[in-house]
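We're numbering straight along the sequence, starting at 1.
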Amino acid sequence: KSYKKWDVALNKAYKALMKRLPEQDKLLLRESQRKWISYRDSEFVFMQKHIRREGGTLSLIIVDERMANFVRRRVIALEAYNFILDFPP
């Protein structure tokens, strides 16, 4: 599934960013990520219920793709934060 691949990429991007941040910023990122995960989980519950209400095998593919895109956006955001660290303030 594409969602699982993006989930692996999410963990990789998060860990890479955590390695580069000062301690006080690590705490902020950790809290932000925890809140994002809570939001993600709630969104996925709604998404699965809403899309699957019509049923059919295609709904499974649509849900997986939307979940993957949701996580992909977070991966891109984390990677962008990491990229910004390469430039002095």
Can Val8 be reached from Val71 by stepping across I, L, V, M, F, W or Y side chains whose heavy atoms are under 4.5 Å apart? no
Atom of Trp6, atom of Val75 and distance for their closest heavy-atom approach: O-CG2, 3.8 Å
Which pairs pass ring-ring contact (aromatic ring centres under 6.0 Å, His included) with one or both residues in residues 15-39, sequence neighbours excluded? Trp36-Phe70, Tyr39-Phe70
Nonpolar side-chain network containing Phe83, other nodes, edges under 4.5 Å: Phe87
Answer yes or no: is there a side-chain heavy-atom contact under 4.5 Å between Arg34 and Ile37? no
Transitively linked via ILVMFWY side-chain contacts under 4.5 Å: Leu58 with Ile51? yes
Determine, using the 4.5 Å side-chain heavy-atom cutoff (strictly less than), whether Tyr81 and Leu27 are members of one ILVMFWY cluster. no
In Å, rounded to the nearest 0.5 Å, how long is the span from CD of Glu79 to NZ of Lys12? 8.5 Å
Test item: Glu65 and Asn69 side chains (from C-beta on) under 4.5 Å apart, heavy atoms: yes
NZ on Lys4 to CG on Leu10, rounded to 0.5 Å: 14.0 Å
Indicate every side-chain donor-acceptor pair of residues 14-24 with a distance under 3.5 Å to a residue at least two apart or in another chain.
residue : atom : partner : partner atom : Å
Arg20   : NH1  : Asn82   : O            : 3.0
Arg20   : NH1  : Asn82   : OD1          : 2.6
Arg20   : NH1  : Asp86   : OD1          : 3.2
Arg20   : NH2  : Asp86   : OD1          : 2.8
Glu23   : OE2  : Lys26   : NZ           : 3.3

Tyr3 reachable from Leu60 in the ILVMFWY side-chain graph, under 4.5 Å edges: no
Within the 4.5 Å heavy-atom criterion, are Phe46 and Asp41 side-chain neighbours or not? no
Inter-residue atom distance Gln48.CD - Ile62.CD1, 0.5 Å rounding: 13.0 Å
Say whether, by atom type as modelled, one donor and one acceptor occur between the side chain of Ser42 and the main chain of Ser38 under 3.5 angstrom. yes
Could you pull out the closest heavy-atom pair between Gln33 and Leu78, with the gap in Å? OE1-CD1, 4.1 Å
Hey, does Glu43 have a side-chain heavy atom less than 4.5 Å from the side chain of Met67? no
Do other residues, nucleotides or ligands put more than 12 heavy atoms under 6.0 Å from Arg66 CZ? no
